[in-house]
Amino acid sequence: MDKGIIAIYEALLDAYGPQGWWPVAGSYHQGDYGYPRNEKEAFEIIAGAVLTQNTAWTSVERALENLRGIDALDPHKILTLSLDVLKSAIRPAGFFNQKAIYLMEMADFFVGLKGRTPSRKELMSVKGVGNETADSILLYAYKRPEFVIDAYTKRIVTSLGLAERKAGYMELKNLFESNLPGDVALYQEYHALLVEHAKRFYSGKARESSGVFVDFLRDLSY
DNA sequence: TCCCAGGTCTATG
DNA sequence: CATAGACATGGG
């Protein structure tokens, strides 16, 4: 048991306040963990989870807006589109050739669920859904207590000495889940806070000086 | 001009 | 198992 995991959460929440992830219906909803409120919003989160793979969220927003513009932020509608139309809509999000295929398959998978919550294993069987996308979908679209590990999170915990650089996804996921109560709102907020913190201290130029600056979390990671 | 962004897949050893 | 290369647009 590593109390640092909880101490870090408290320090981040204190520093940044509630983040209000995941953006739904085009906007953030700080401190409101009630989303999604229907199937359509759930699919919007799922589409965003696929589109944001290795891509800045501002680019994802453009793609989502394009889809919304042709009323295609909807799995049934996506299934009626040609691959080329889908590609041109999501173009701003990059990797559009493969993401169009991923979205098409995800739409088919989602419709086939008929409202049922998929298992992690089922999600991972869909092309384009790896560990992080599966957990993001389960945590934010289905409100299941699955901790999301992204590149930012890994940078932070390895930098703080809480994990080895070679640590795999499941190892890091377990580090958080074994030290926290399985609470959906907590998992959502914690992940969002880690991203916010990493954007300030561990991304872009800040990353280069990561050996120089002092992360205020360092003393908490015992 | 070059690096980066809320990863995943495929091929190779 | 683990690691490299491919995938693509937009902002700093």
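Each chain gets a letter, A, B and so on, in the order the sequences are listed, and its residues count up from 1. Keep in mind that what you see is a predicted model, and the values were worked out from it rather than measured. Computed over heavy atoms, backbone and side chain alike; hydrogens, waters and symmetry mates excluded.
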* Asked: With a 4.5 Å heavy-atom cut-off, do Gln188(A) and Tyr33(A) have their side chains touching?
  -> yes
* Asked: Out of dT8(B), dT10(B), dA5(B), which nucleotide sits closest to the side chain of Lys127(A)?
  -> dT10(B)
* Can you check the Phe95(A) CZ to dC4(B) P distance for me, whole Å? -> 14 Å
* Find the distance Tyr102(A):OH to dG7(B):P and express it as a whole number of Å. => 13 Å
* Proximity of His197(A) and Phe216(A) rings by center, below 6.0 Å -> yes
* **Shortest side-chain distance from Phe96(A), nucleotide among dA5(B), dA8(C), dG7(B)** => dA8(C)
* Asked: Are side-chain heavy atoms of Phe176(A) and Tyr187(A) found at a separation under 4.5 Å?
  -> no
* How would you list, by chain and number, every residue that makes a salt bridge (charged side-chain N to carboxylate O under 4.0 Å, His left out) with Asp74(A), sequence neighbours excluded? -> Lys40(A)
* To do: Scan Ala151(A) against the nucleic acid and name what it touches under 4.0 Å (heavy atoms): base, sugar-phosphate only, or nothing.
  => sugar-phosphate
* To do: Check whether more than 12 heavy atoms from other residues, nucleotides or ligands sit under 6.0 Å from atom CZ of Arg116(A), and answer yes or no.
  => yes
* Under-4.0 Å side-chain N/O to phosphate OP1/OP2 contact, Arg165(A) with dT3(C) -> no
* Asked: Quick one: CG on Leu12(A) to CD1 on Ile156(A), what's the gap to the nearest 0.5 Å?
  -> 7.0 Å
* Whole angstrom value for the distance that separates C1' of dC4(B) from CZ of Phe201(A) -> 19 Å
* Does the side chain of Glu189(A) pick up a donor-acceptor pair with the side chain of Tyr9(A) at under 3.5 Å? -> no
* Heavy atom of residues 44-73 of chain A under 4.0 Å from DNA chain C: which residues? -> Asn54(A), Ser59(A), Arg62(A)
* **Nearest-angstrom distance from the residue atom CG of Asn97(A) to P of dT8(B)** => 19 Å
* To do: Please examine the side chains of Val184(A) and Leu139(A), heavy atoms only from C-beta on, and report whether any two atoms are closer than 4.5 Å.
  => yes
* Name the nucleic acid region contacted by Glu132(A), choosing base, sugar-phosphate or nothing; use a 4.0 angstrom heavy-atom cut-off, strictly under. => sugar-phosphate
* Pairwise P distance, dG10(C) and dC9(B) [rounded to whole Å] -> 24 Å
* Structure fact -> Expected list for residues 23-40 of chain A near DNA chain C, using heavy atoms below 4.0 Å, is none
* Asked: How close or far is atom P of dT8(B) from atom CD1 of Ile101(A), stated in whole angstroms?
  -> 16 Å
* Structure fact -> Of dA5(B), dG7(B), dT9(C), the nucleotide closest to the side chain of Thr133(A) is dG7(B)
* To do: Find which nucleotide of DNA chain B each of Asp150(A) and Val129(A) is nearest to by heavy atoms, and output the residue with the more 5' nucleotide.
  => Asp150(A)
* Atom P, compared across dA8(C) and dA11(B): separation rounded to whole Å -> 16 Å
* Asked: What is the distance, rounded to the nearest whole Å, between atom CG of Leu123(A) and atom P of dT8(B)?
  -> 12 Å
* Would you mind telling me which of dT8(B), dA5(B), dC7(C) lies closest to the side-chain atoms of Tyr152(A)? => dA5(B)
* Asked: Do Thr133(A) and Val126(A) have side-chain heavy atoms sitting under 4.5 Å apart?
  -> no
* **Side chain Lys77(A), main chain Leu67(A), donor-acceptor under 3.5 Å** => no
* Between dA2(C) atom C1' and Lys166(A) atom NZ, what is the distance in whole Å? -> 12 Å
* Once you round it to whole Å, what is the distance between C1' of dG10(C) and CZ of Arg91(A)? -> 12 Å
